[in-house]
Protein chains: 2
Amino acid sequence: MAGGISLKELAAELKLAPSTVSRALNDSYEISEATKKKVISMAEKLNYHANPFARSLRENKSKTIAVIIPERINSFFAQVVDGIEEIAQEQGYHLLIYNTHEDLEREQKIVNLLLNGRADAIAMSVTSQTSDVSHLQKLHDRGLPVIFFDRIRSEIPTTKFITNDYESAFEATKHLIQQGCKNITLLTLGKDLSISKERQRGYNDAIKSEGWELDPSMTLYCSHEEERNVELIEELLLSSNRPDGILASVEKLAFATYLAVKRTKLRIPSDLKLISFSNTSIAGILNPSLTTITQPAMSIGNECANLLIKKLTKPKQYELIDQVITIPSKLTIRESTLVE
Amino acid sequence: MAGGISLKELAAELKLAPSTVSRALNDSYEISEATKKKVISMAEKLNYHANPFARSLRENKSKTIAVIIPERINSFFAQVVDGIEEIAQEQGYHLLIYNTHEDLEREQKIVNLLLNGRADAIAMSVTSQTSDVSHLQKLHDRGLPVIFFDRIRSEIPTTKFITNDYESAFEATKHLIQQGCKNITLLTLGKDLSISKERQRGYNDAIKSEGWELDPSMTLYCSHEEERNVELIEELLLSSNRPDGILASVEKLAFATYLAVKRTKLRIPSDLKLISFSNTSIAGILNPSLTTITQPAMSIGNECANLLIKKLTKPKQYELIDQVITIPSKLTIRESTLVE
DNA sequence: CAATATTTCGAAATCGATTCCGCATTTTCT
DNA sequence: AGAAAATGCGGAATCGATTTCGAAATATTG
């Protein structure tokens with residue numbers, strides 16, 4: 001009972017029926033201006049605030065969007081959420097945010113929780129461990145508007161927002177080649193991950209476009225343990241056919257690479273050139289500064305929120321068509337891929 | 001209408017009264033095991049999920065905690081939220097998260113929205129612009145459990161979690177002095193901010209403890225525009241009595257310093273030593289690596305969530321006493337403050 | 001065996017806002 | 001002026017789950 005009066009009490013105070021007060025507050029045409037003014041001023045005076053649960057129960061909607069991300073300490077996801085929140089706040093929506101920590105089980109639990117309708121819609125990016133999608137299917141079957149961003153699952157027929165992963169990875173690899181790399185390693189995450197697959201394809205095609213042979217051992221699948229990744233990369237750098245170029249498919253693998261390089265006698269970019277998908281604002285102050293493929297995180301967030309809210313506001317008019325919408329990334333060349 | 005049956009429909013299917021079904025699902029002692037089993041299995045079969053709004057309306061609680069932070073792309077706040085979420089998830093609580101973007105007006109709007117009880121409790125860190133606290137006072141007056149972390153307001157009589165800002169700033173300044181700095185600048189944020197004041201005190205006392213005179217012009221108040229800060233710092237570094245040591249009271253000011261230094265001919269740490277309050281995981285891969293005061297972000301988040309949930313669960317037993325709980329930070333010395 | 005407990009369950013009220021339906025007044029039109 | 005329409009508002013049902021208050025049905029006890 002966090003203080004606060006109900007509509008009924010407010011109505012009693014005004015000697016009006018609750019229905020009248022409700023209509024007055026909702027600016028209904030059937031209430032006279034005089035009454036509306038009286039009601040509104042009394043509501044302010046008594047500090048009346050409508051109970052959101054009563055309203056949600058009645059209207060069967062909560063003005064809440066759930067956002068599920070695999071990690072919070074990641075500039076890309078943080079920016080996407082900022083992008084979603086920007087639109088949501090404008091439109092009076094609230095954000096329930098969940099972090100799966102790249103854990104499929106947590107993802108399943110969270111998704112199951114959302115099955116009860118606590119949120120009107122969901123925007124999510126799946127875990128790198130997400131192989132089974134039955135929990136996502138259930139969500140969609142329930143009729144809950146769900147959209148995916150970045151890490152998507154094509155099995156679920158809905159709208160997805162991604163960046164041009166294939167082209168960006170292709171371009172990034174090509175860039176490394178142009179800068180003289182002959183032996184390029186791709187650092188990536190789970191094999192089931194949409195972005196992994198696409199970025200891998202881009203990398204593969206870039207390699208093949210040079211007439212080079214594709215060496216599967218040059219793709220390094222990393223884990224989610226920071227230290228383990230550093231070890232893996234260090235090992236790679238100390239191996240006989242160590243790479244002279246690395247494409248990191250996510251930011252943290254680039255950071256791990258910096259750490260691994262520190263443990264060796266190698267230097268970036270003379271011994272090893274590095275490029276990474278990353279949205280960190282400090283790419284420029286790393287030393288050497290990091291060449292990045294910057295994803296349009298904010299735009300992706302904006303688009304997700306816009307589409308979901310349109311769908312919620314005008315359900316008949318907007319459909320979450322089964323399509324993938326691509327917003328291109330931007331390559332920013334910095335010192336880590338310079339030819340010295 | 002996101003598919004899904006109601007308790008009444010479930011009851012009808014079972015030829016039982018809604019009350020019985022409700023009790024069965026809530027494992028009430030007055031329901032026989034046989035009935036419970038029947039109910040539960042039917043509930044699963046029909047994919048029944050309790051409507052959270054009906055429940056919230058009835059119970060007058062939402063199992064939701066609101067978290068308000070001034071910025072999302074900040075490793076400290078991201079970690080605090082992770083810390084809060086960790087406990088919240090365990091206890092079945094949901095998180096509504098709001099970003100004020102350091103804007104007082106937004107903070108007021110959000111706080112006013114929360115006045116309606118959408119969340120059972122609030123954990124927040126105020127904006128650096130927050131001078132007037134009447135909106136926060138209103139929250140507290142309503143009886144809504146509110147606690148502050150990091151950036152607190154002592155005017156509101158509730159529990160606050162911070163780190164040892166004074167001691168850490170003192171220690172950091174002393175460290176710079178020990179490393180040979182004679183002219184130390186403090187980079188800080190809004191004058192009204194609790195952490196600014198405390199860190200300033202720590203800095204001041206460290207300077208005075210050397211018998212040095214305190215030069216007000218050596219405290220630089222920064223803004224929230226990245227580029228503007230870089231310009232301010234660059235200007236500082238080019239001035240006649242440029243500092244040979246900098247204590248950045250927040251992470252982004254350290255980053256701005258790296259950028260500013262890049263624009264000059266100065267070098268860290270030979271010309272300028274730098275230490276910063278920061279929780280970034282990549283302090284180690286900056287070049288030179290950054291000496292940091294790492295705040296116990298995760299613990300702060302954990303404590304906030306624990307206390308709030310205890311207060312929500314056993315309101316009589318736990319009070320949000322007007323006190324400040326301090327969890328110490330940790331100094332990690334890296335290259336940016338090394339004597340060469 | 002009667003009387004008392006105990007177990008198990010149902011009917012109905014409740015939380016607070018919205019809305020369908022209906023009833024007075026008042027205004028407008030022919 | 002009488003009928004039709006518009007205006008302004010109240011009563012009560014509704015959303016879905018919980019819970020109070022009882023009432024059966026069964027079990028226990030003297």
Side-chain angles (χ1 to χ4, degrees), chain A residues 1-40 42-43 46-64 92 113 115-120 142, chain B residues 1-40 42-43 46-64 92 113 115-120 142:
Chain A
M1 71 164 57
I5 67 170
S6 71
L7 184 72
K8 208 184 293 180
E9 297 171 291
L10 176 57
E13 198 67 38
L14 285 156
K15 296 191 201 308
L16 285 173
S19 47
T20 304
V21 176
S22 171
R23 276 185 280 243
L25 291 172
N26 290 311
D27 202 27
S28 160
Y29 69 96
E30 15 182 14
I31 303 296
S32 71
E33 288 304 321
T35 312
K36 279 185 193 171
K37 284 217 176 82
K38 257 185 279 182
V39 170
I40 290 172
M42 180 63 83
L46 300 184
N47 233 285
Y48 168 78
H49 292 270
N51 182 313
F53 308 119
R55 179 173 287 161
S56 290
L57 175 59
R58 178 65 213 240
E59 312 223 295
N60 202 31
K61 62 183 182 193
S62 58
K63 295 222 99 186
T64 299
L113 277 179
L115 238 35
N116 64 12
R118 183 176 286 268
D120 295 339
R142 273 240 157 184
Chain B
M1 73 163 53
I5 66 171
S6 71
L7 184 72
K8 207 183 294 181
E9 297 171 291
L10 176 58
E13 197 68 37
L14 284 157
K15 293 191 203 310
L16 284 173
S19 47
T20 305
V21 177
S22 170
R23 279 185 277 244
L25 291 173
N26 290 311
D27 201 29
S28 160
Y29 68 96
E30 19 183 10
I31 302 296
S32 71
E33 287 306 320
T35 315
K36 279 184 193 172
K37 284 219 177 82
K38 256 186 280 181
V39 171
I40 291 171
M42 180 62 84
L46 299 185
N47 232 284
Y48 168 79
H49 291 269
N51 182 312
F53 308 119
R55 179 173 287 159
S56 290
L57 175 59
R58 178 64 213 237
E59 312 225 295
N60 201 32
K61 62 184 183 193
S62 58
K63 295 223 100 185
T64 299
L113 277 178
L115 238 34
N116 64 12
R118 183 176 287 269
D120 295 340
R142 273 241 157 184

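Computed over heavy atoms, backbone and side chain alike; hydrogens, waters and symmetry mates excluded.
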| Which pair of non-hydrogen atoms, one from A/Tyr48 and one from A/Leu25, has the smallest distance, and what is that distance? | CE2-CD1, 3.6 Å

| field | Non-hydrogen atoms of A/Ser22 and A/Leu7 that approach each other most closely | value | CB-CD2, 3.9 Å

Whole-Å distance between [N] [atom2] and [X] [atom1]?
X	N	atom1	atom2	answer
B/Leu10	D/dC15	CG	P	16 Å
A/Asp27	D/dG8	CG	C1'	15 Å
A/Lys37	D/dC9	NZ	C1'	18 Å
A/Leu16	C/dA24	CG	C1'	16 Å
A/Ile31	D/dT7	CD1	C1'	10 Å
A/Lys61	D/dG16	NZ	C1'	18 Å
A/Leu57	C/dC15	CG	P	14 Å

| query | Is there a donor-acceptor pair under 3.5 Å between the side chain of A/Arg142 and the backbone N or O of A/Leu115? | reply | yes

| query | Are B/Ser62 and B/Asp120 close enough that a side-chain donor and a side-chain acceptor fall under 3.5 Å? | reply | yes

| task | Taking the side chain as every heavy atom from C-beta outward, state whether A/Lys38 and A/Leu16 have any atom pair closer than 4.5 Å. | result | no

| When rounded to the nearest 0.5 angstrom, what distance separates OG1 in B/Thr20 from NZ in B/Lys15? | 14.5 Å

| query | In Å and rounded to the nearest 0.5 Å, what is the CG to CD1 distance from B/Asn51 to B/Ile5? | reply | 12.5 Å

| query | Using a cut-off of less than 4.0 Å, is there contact between a side-chain N or O of A/Ser32 and OP1 or OP2 of D/dT7? | reply | no

| query | Is the distance from OP1 or OP2 of D/dG8 to the nearest side-chain N or O of A/Thr35 less than 4.0 Å? | reply | no

| query | Heavy-atom count around A/Lys63 NZ within 6.0 Å, excluding the residue itself: above 12? | reply | yes

| Angle between terminal axes - the helix from C/dC1-D/dG30 to C/dT30-D/dA1, 5 pairs each end, rounded to 10° | 40°

Give me the distances for all protein-to-nucleotides 17-20 of chain D N/O pairs that come in under 3.5 Å?
unit_1 : atom_1 : unit_2  : atom_2 : d
D/dA17 : OP1    : B/Tyr48 : OH     : 2.7
D/dA17 : OP1    : B/Asn51 : N      : 3.2
D/dA17 : OP2    : B/Leu7  : N      : 2.2
D/dA17 : O5'    : B/Tyr48 : OH     : 3.4
D/dT18 : OP1    : B/Arg55 : NE     : 2.6
D/dT18 : OP1    : B/Arg55 : NH2    : 2.7
D/dT18 : OP2    : B/Ser22 : OG     : 3.0
D/dT18 : OP2    : B/Asn26 : ND2    : 3.3
D/dT18 : O2     : B/Arg58 : NH1    : 2.1
D/dT19 : O4'    : B/Arg58 : NH2    : 3.2
D/dT20 : O4     : B/Arg23 : NH1    : 3.1

| remark: Applying side chain to side chain contact (heavy atoms under 4.5 Å, CB included) to B/Ser19 and not counting sequence neighbours gives B/Ala17, B/Arg23

| With sugar-phosphate meaning primed atoms plus P, OP1 and OP2, does A/Ser56 contact a base, only sugar-phosphate, or nothing at under 4.0 Å between heavy atoms? | nothing

